[in-house]
Student: 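Input: one structure, supplied below.
Just follow the structure's listing: the first ligand is 1, and inside any ligand the first atom is 1. Values below: every heavy atom of this structure, side chains too, minus hydrogens, waters and symmetry copies. As the structure is a prediction and not an experimental result, all values here were calculated from the model.
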Amino acid sequence: MSESIKTYTAKKNPYFKNGEPLNKSKVISGQASSIIKEFDKSEKAISKSLFIESYGCQMNFSDSEIVASILSKNGYQITVDKESADLILVNTCSIREKAEQTVRKRLKVFNSIRQKNKGLKIGVLGCMAERLKHKFLEEEKMVDLVVGPDAYKDLPNLLKDLEQGREAVNVILSKEETYGDISPVRLATNGVSAFVSITRGCDNMCTFCVVPFTRGRERSRDPKSIIDEVNDLAKKGYKEVTLLGQNVDSYLWFGGGAKKDFDKATPLQQKTAINFSILLDLVASEQPKIRIRFSTSNPQDMSLDVIHTMAKHKNICKSIHLPVQSGSNNILKKMNRQHTREEYFELINNIKKLIPDCGISHDMITGFPTETDQDHQDTLNLMRRVKYDYGFMFAYSERPGTMAARKIKDNIPEAVKKKRLEEIIDLQREHSNYRTNQFLGKNVTVLIEKASKKSSDFWSGRTTQNTVVVFPKQNYKVGDFVDVLIESCTSATLIGSAIDYSKDL
Ligand code: SAM
């Protein structure tokens, strides 16, 4: 017997894309409001309802799908109605202070529901779990359950502990856990695009970044389980997969374990290890009719092999998200970024040489401690040289426990950060406008993802470069690849008319 249920994840946490506050995952993955999910026979009788809400990066949204899978096998049905839920889980983000504030506000809302719904349990998952476990549980008494990003398999036990009046906390970070054996329940999906996690954690230790502390050491997932998941998505009709990790280009499978232990692997394991370009090649060859994207790339780890692999496969999207964070070598050094401005330009040149039409996007932090006007000018100059298609731009937010918080005073006034951020956003808008104008009069292949927000008579989809395209629906449907003639544009969107079904991806 199979049973259909509706699942839903609210998406908050706006990022700035070309100056517009916007949800990062929307840009990269696309989404729609609901899905139908088939449960298999082994799943336990459904008796309780779970409302799950996610904040932050795509990894968090992907993790919520793992959590949904684990709990659906333990008697929970996912609900869109938080008022009547038995369990509310909030998958949290710590990347900037504002993200944490947003989660705190939501927890207050959920606590007010508890006044009416006495049996309701509330849990915090993800990056805020480790940092704030005592505060949440003891001081503020806002939550019943605290679970870190590597402990989701323990959720059923923790929920039992909770029922029996015991403390329910597990924030232990693992050197092994990748959830490779779990088949995610796709939340808020359009049935067309899906995330597939390939690495967890990060070893980079950028001085501004809390990720290594909240998500632990970098580990890679078994390529077989990645390919199995991609094949399963293809079977279910998905047309686009985004391989996810904090630093995907650093992917290295040598039989399991933390990447830092690669030196201790046997000579055979080292010789037969699979790196990101090999993985990309395997995935693209396995499913030539599926679009493949990946995110995020750290400049120092992106090899020429990866760019060659992208150039070789039609189905690997010609789009690279390549955070630079600053255009100043002084600041890059203080951020402990493992690349200079010159090395970054060399990488961009190589990308443009091998894939001339490649879309390139960035993350930028302005107002890092000690940043001078000259450093800021270096950032603007770097942007002028690259002319990114789009970017996510942030004012520096000091994060407790990071190297920058411990060693460098946050000495840039908020007003200066704000002014510099505005200049960066304005320049990015100019460049985005320049990039979208290059498409005028051209035919592009678009994968249709959903109805356009502005008009239900139009479809919305993306080009291989990850640029959004809207066009009149005619008889096309979600999931179709369509050739579209671009007739006009804004800085963020191409507008055109469909010509025919596309033979390309
Ligand atoms: N792993 C990727 C990297 O390091 O390039 C992305 C990490 S993070 C989830 C996404 C973006 O948030 C970063 O690229 C950075 O621009 C921004 N970010 C991280 N820490 C920040 C901080 N303390 N203040 C402001 N922005 C921050």
Student: Distance under 6.0 Å and angle within 45° of the ring axis: does Lys334 meet both against Phe368?
Tutor: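 Judged by the rule, Lys334 and Phe368 form no cation-pi pair.
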
Student: Is the ring pair Tyr344/His339 parallel, tilted or perpendicular, if the boundaries are 30 and 60 degrees?
Tutor: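 Tilted.
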
Student: What do you reckon, does Asp363 have a nitrogen or oxygen under 3.5 Å from a nitrogen or oxygen of ligand 1?
Tutor: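 By distance alone, the answer is yes.
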
Student: Tell me, please: is Asn247 in heavy-atom contact with ligand 1, that is, under 4.0 Å?
Tutor: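 Asn247: no contact with ligand 1 (<4.0 Å).
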
Student: If you measure from atom 6 (C) of ligand 1 to every heavy atom of Met364, Met335, Gln246, Met59, which option wins on shortest distance?
Tutor: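 When every heavy atom of Met364, Met335, Gln246, Met59 is considered, Gln246 comes closest to atom 6 (C) of ligand 1.
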
Student: Side chain, backbone, both or neither: which applies to Val210 and ligand 1 if a contact is any heavy-atom pair less than 4.0 Å apart?
Tutor: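 No part of Val210 is near ligand 1 at this cut-off.
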
Student: Once you round to the nearest 0.5 Å, how far does NZ of Lys353 lie from CD of Glu346?
Tutor: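 That separation rounds to 8.5 Å.
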
Student: Would you call Ala395 a ligand 1 contact, heavy-atom distance under 4.0 Å?
Tutor: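 Within the 4.0 Å threshold, so yes.
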
Student: If you measure from the Lys or Arg side-chain nitrogens to the Asp or Glu carboxylate oxygens, is any gap between Lys419 and Glu423 under 4.0 Å?
Tutor: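 Judged by the 4.0 Å cut-off on N to carboxylate O distance, Lys419 and Glu423 do form a salt bridge.
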
Student: Which option, His362, Arg96, Glu398, Lys98, owns the non-hydrogen atom nearest atom 18 (N) of ligand 1?
Tutor: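 Closest candidate by heavy-atom distance is Arg96.
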
Student: Looking only at heavy atoms of Arg337, does any of them come nearer than 4.0 Å to an atom of ligand 1?
Tutor: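 Arg337 counts as a contact of ligand 1 under the 4.0 Å cut-off.
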
Student: Is any side-chain N of the basic residue among Glu100 and Arg399 closer than 4.0 Å to the acidic one's carboxylate O?
Tutor: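 A salt bridge is present here (some side-chain N lies under 4.0 Å from a carboxylate O).
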
Student: Below a 4.0 angstrom heavy-atom separation, can you tell me which part of Ile365, side chain or backbone, both or neither, approaches ligand 1?
Tutor: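 Contact part for Ile365 vs ligand 1: side chain (C-beta onward).
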
Student: Residue-level breakdown please: for Ser397 versus ligand 1, do any non-hydrogen atoms fall below 4.0 Å on the side chain, on the backbone, on both, or on neither?
Tutor: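 For Ser397, the contact with ligand 1 is made by both the backbone and the side chain.
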
Student: Are Ser319 and Arg293 side-chain neighbours, meaning at least one heavy-atom pair lies under 4.5 Å?
Tutor: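 Heavy-atom side-chain distance check passes, below 4.5 Å.
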
Student: Of the side chain and backbone of Phe208, name the one, both, or neither that has a heavy atom under 4.0 Å from an atom of ligand 1.
Tutor: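 Both backbone and side chain.
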
Student: If you compare all heavy atoms of Asn60 against all heavy atoms of Tyr55, which two are closest, and at what distance to 0.1 Å?
Tutor: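 Nearest heavy atoms, Asn60 then Tyr55: ND2-O, 2.7 Å.
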
